[in-house]
Novice: 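Please see the structure below; I have some questions.
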There are 2 protein chains.
Amino acid sequence: MKTCAHKHTGKKQELASLTGRLRRESRKITGPRAAILEILRHYPHPLTNKEIFAELPKGSCDLVTIYRAMQMLEKLGMVKRFDFGDGTARFELVGEGDDGHHHHLICTRCASVVEIEECFPEEIERRIAIANGFTGVTHRLEFFGVCPDCRK
Amino acid sequence: MKTCAHKHTGKKQELASLTGRLRRESRKITGPRAAILEILRHYPHPLTNKEIFAELPKGSCDLVTIYRAMQMLEKLGMVKRFDFGDGTARFELVGEGDDGHHHHLICTRCASVVEIEECFPEEIERRIAIANGFTGVTHRLEFFGVCPDCRK
DNA sequence: ATTTAAGTTGCAAACGATTTGCAATTAAAC
DNA sequence: GTTTAATTGCAAATCGTTTGCAACTTAAAT
């Protein structure tokens, strides 16, 4: 039940390391995939599929291909899906070995995002699990507020 | 920045109290609305619009009317919207004065829901806000795990 | 280098949740 | 009762996401 042992060092992963992970799973390295990974590895924050699409050299690939790529990458544990509550999924690249579990602080005015190190206290989570007889408990947690720039 | 001063006593609200709140906002008490509130006040857990629709005596009202009612009730602060990450909004009636802020523990197998008293520690949240220069910080938090019944 | 089989892609169409336009209806005040 | 603003139902539109399918590559086998 390790939940918070991530070190969010924001260091870019090598593209070779990423394609290697794909190859190991007998996935093909295609133009679209390389392009998508290339975008992801340069961004420190979660991106929506549309945002990835917009960053991609136009014509690189179809939006649907991005949806399919993200589904697959998520299944392989190479990206983590985040939900900011606006009905649009966001994805962030996850380092090898890391489970990607962490949280964000989102500005409700301008939607800027800050990666957060803090996590829900394990001890309290454990207590909640036990009190209700649940096993394998995790959580989804995001913070919202007004950022310095938007505070006018 | 009070976030967790709720008492989740699960006690049903009087229908009269609910309609009173509507009246005060010069909202009309209609058949559909009374029926919807009637359902909500009997359920201790968040319901989707479809679930409310299903509980309603058939023909009571259109699904769209429920969507509109929930939008309005949310704006008046009479219901709170929750997001369990499955792309479907859920609503729970909120007591007068209460802001409805609380969390849930959801079974990933059978989707059963437990209301949770615990909240993210205010002190840590304050620290996060200050560290990043944000104001008016809150959070969205839900727990997921396998319930006793599903643990087989 | 050529073949081959599995994995991929684009495009159109399908989906599910939610919203919107609009004319017909109704609650509540006069 | 009349009047007026709020509300409803129904159809159609939106938005994010998924799926069907035929054409097309990648990577492994020959």
Side-chain angles (χ1 to χ4, degrees), chain A residues 15-16 18-39 46-76 78-91 111, chain B residues 15-16 18-39 46-76 78-91 111:
Chain A
L15 190 55
L18 293 169
T19 57
R21 287 210 253 168
L22 284 185
R23 235 185 290 279
R24 247 175 278 145
E25 299 278 350
S26 55
R27 260 40 211 264
K28 294 177 178 172
I29 317 298
T30 64
R33 289 183 180 173
I36 292 171
L37 290 173
E38 197 54 35
I39 299 294
L47 294 176
T48 65
N49 284 341
K50 276 234 188 91
E51 289 170 340
I52 295 174
F53 187 59
E55 290 302 316
L56 242 33
K58 57 198 164 312
S60 306
C61 81
D62 196 89
L63 218 206
V64 179
T65 299
I66 301 182
Y67 274 95
R68 283 195 269 235
M70 301 317 285
Q71 264 182 183
M72 186 225 47
L73 292 173
E74 185 184 19
K75 201 165 305 168
L76 300 193
M78 292 180 58
V79 301
K80 174 117 178 118
R81 174 190 301 258
F82 289 97
D83 178 3
F84 289 0
D86 66 346
T88 315
R90 277 154 224 268
F91 301 89
Chain B
L15 189 56
L18 293 169
T19 57
R21 288 210 254 169
L22 284 184
R23 236 184 291 279
R24 246 175 278 145
E25 300 277 350
S26 56
R27 263 36 215 262
K28 294 179 179 172
I29 317 298
T30 63
R33 288 183 181 173
I36 292 171
L37 290 172
E38 198 52 36
I39 299 295
L47 294 177
T48 65
N49 284 342
K50 277 234 187 93
E51 288 169 341
I52 295 174
F53 187 59
E55 291 301 316
L56 242 32
K58 57 200 165 309
S60 306
C61 82
D62 195 273
L63 218 207
V64 179
T65 299
I66 300 182
Y67 274 94
R68 282 195 270 235
M70 301 318 284
Q71 263 183 184
M72 183 220 108
L73 292 172
E74 186 186 18
K75 201 165 306 169
L76 300 193
M78 292 180 58
V79 301
K80 173 119 178 118
R81 174 191 301 259
F82 290 98
D83 178 3
F84 289 180
D86 66 347
T88 314
R90 277 155 224 269
F91 301 90

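Lettering follows sequence order; numbering is per chain, from 1.
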Novice: Can you tell me which nucleotide in dT9(C), dT17(D), dA27(D) comes closest to the side chain of Arg23(A)?
Specialist: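 It is dA27(D).
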Novice: For dA6(D), take OP1 and OP2 only and decide whether either is under 4.0 Å from a side-chain N or O of Arg27(B).
Specialist: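 Checking Arg27(B) against dA6(D): no side-chain N or O falls below 4.0 Å of OP1 or OP2.
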Novice: Measure the distance from CD1 on Ile66(A) to P on dC11(C) and round it to the nearest whole Å.
Specialist: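 In whole Å, dC11(C) P and Ile66(A) CD1 are 13 Å from each other.
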Novice: Give a yes/no on whether any side-chain N or O of Tyr67(A) is located under 4.0 angstrom from OP1 or OP2 of dT17(D).
Specialist: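 Checking dT17(D) against Tyr67(A), a side-chain N or O does come within under 4.0 Å of OP1 or OP2.
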Novice: Expressed in angstrom and rounded to an integer, what is the separation of Lys75(A) atom NZ from dT8(C) atom P?
Specialist: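 These atoms are roughly 11 Å apart.
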Novice: Nearest heavy atom decides the nucleotide; on that basis, is Leu63(B) or Asp62(A) closer to the 5' end of DNA chain C?
Specialist: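 This one resolves to Asp62(A).
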Novice: What is the distance, rounded to the nearest whole Å, between atom CG of Leu73(A) and atom P of dT8(C)?
Specialist: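 Distance, rounded to whole Å: 10 Å.
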Novice: Distance from Phe53(B) atom CZ to Cys61(B) atom SG, nearest 0.5 Å?
Specialist: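 Nearest 0.5 Å value for the CZ-SG distance: 7.0 Å.
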Novice: What pair of heavy atoms forms the shortest contact from Asp62(B) to Val64(B), and how long is it?
Specialist: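 Of all heavy-atom pairs spanning Asp62(B) and Val64(B), the closest is OD1-N, 2.8 Å.
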Novice: Closest to the Pro32(A) side chain: dA27(D), dG9(D), dT9(C)?
Specialist: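 Output: dT9(C).
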Novice: Could you tell me how far apart Lys50(B) (NZ) and dT18(C) (P) are, to the nearest whole angstrom?
Specialist: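 Answer to the nearest Å: 8 Å.
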Novice: Does OP1 or OP2 of dA27(C) have a side-chain N or O of Arg33(B) closer than 4.0 Å?
Specialist: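 Looking at the OP1 and OP2 atoms of dA27(C), neither is under 4.0 Å from any side-chain N or O of Arg33(B).
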Novice: With a 4.5 Å heavy-atom cut-off, do Met78(B) and Leu22(B) have their side chains touching?
Specialist: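 Sidechains of Leu22(B) and Met78(B): in contact.
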Novice: On the side chain of Arg81(A), is there an atom forming a donor-acceptor pair with the base of dG16(D) - under 3.5 Å, no angle test?
Specialist: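 Check fails, no donor-acceptor contact within cut-off.
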Novice: Where each residue is assigned the nucleotide of DNA chain D containing its nearest heavy atom, which of Val64(B) and Gly31(B) is assigned the position nearer the 5′ end?
Specialist: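 Between the two, 5'-proximity favours Gly31(B).
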Novice: So what does Thr19(B) hit on the nucleic acid, given a heavy-atom distance under 4.0 Å: a base, only sugar-phosphate, or nothing?
Specialist: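 Result for Thr19(B) = nothing.
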Novice: Is the distance from OP1 or OP2 of dT17(D) to the nearest side-chain N or O of Arg68(A) less than 4.0 Å?
Specialist: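 False: Arg68(A) side-chain N/O out of range (4.0 Å or more) of dT17(D) OP1/OP2.
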Novice: Quickly work out the Ile29(A) CD1 to dA28(D) C1' distance and round it to whole Å.
Specialist: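 Taking atom C1' of dA28(D) as the reference, CD1 of Ile29(A) is at 14 Å.
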Novice: Thr88(B) has a side chain; which of dT9(C), dT18(C), dC11(C) sits nearest to it?
Specialist: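 Per side-chain heavy atoms of Thr88(B), the pick is dT18(C).
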Novice: Could you please spell out the steps behind the side-chain contact (heavy atoms from CB on, under 4.5 Å) verdict for Ile66(B) and Leu56(B)?
Specialist: CA-CA 10 Å; Ile66(B) 300 182; Leu56(B) 242 32; 3.8 Å; yes
Novice: Please round to the nearest 0.5 Å and tell me the distance separating atom CG of Asp83(A) and atom CG of Asp83(B).
Specialist: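 So the gap between those two atoms works out to 4.5 Å.
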Novice: Within this structure, what is the CE-to-P distance between Met70(A) and dG16(D), rounded to whole angstrom?
Specialist: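 One finds 16 Å between P of dG16(D) and CE of Met70(A), rounded.
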Novice: So, under a plain 3.5 Å distance rule, would you say the side chain of Lys28(A) forms a donor-acceptor pair with the base of dA6(C)?
Specialist: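 Side chain to base: pair present.
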Novice: Taking CE from Met72(B) and P from dT18(C), how many angstroms apart are they, rounded to a whole number?
Specialist: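 One finds 18 Å between P of dT18(C) and CE of Met72(B), rounded.
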Novice: Side chains of Met72(A) and Glu25(A): does their closest heavy-atom pair fall under 4.5 Å?
Specialist: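 No - every pair of side-chain heavy atoms lies 4.5 Å or more apart.
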Novice: Should Gln71(A) be listed as having a side-chain N or O under 4.0 Å from OP1 or OP2 of dT17(D)?
Specialist: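 No, because none of the side-chain N or O atoms of Gln71(A) sits under 4.0 Å from OP1 or OP2 of dT17(D).
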Novice: Nearest to the side chain of Thr30(A), heavy atoms from C-beta on, is which of dT18(D), dT9(C), dT19(C)?
Specialist: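 Ranking dT18(D), dT9(C), dT19(C) by closest atom to the Thr30(A) side chain puts dT9(C) first.
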Novice: Tell me: CD of Glu25(A) to P of dA6(C), nearest whole Å?
Specialist: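 That distance rounds to 18 Å.
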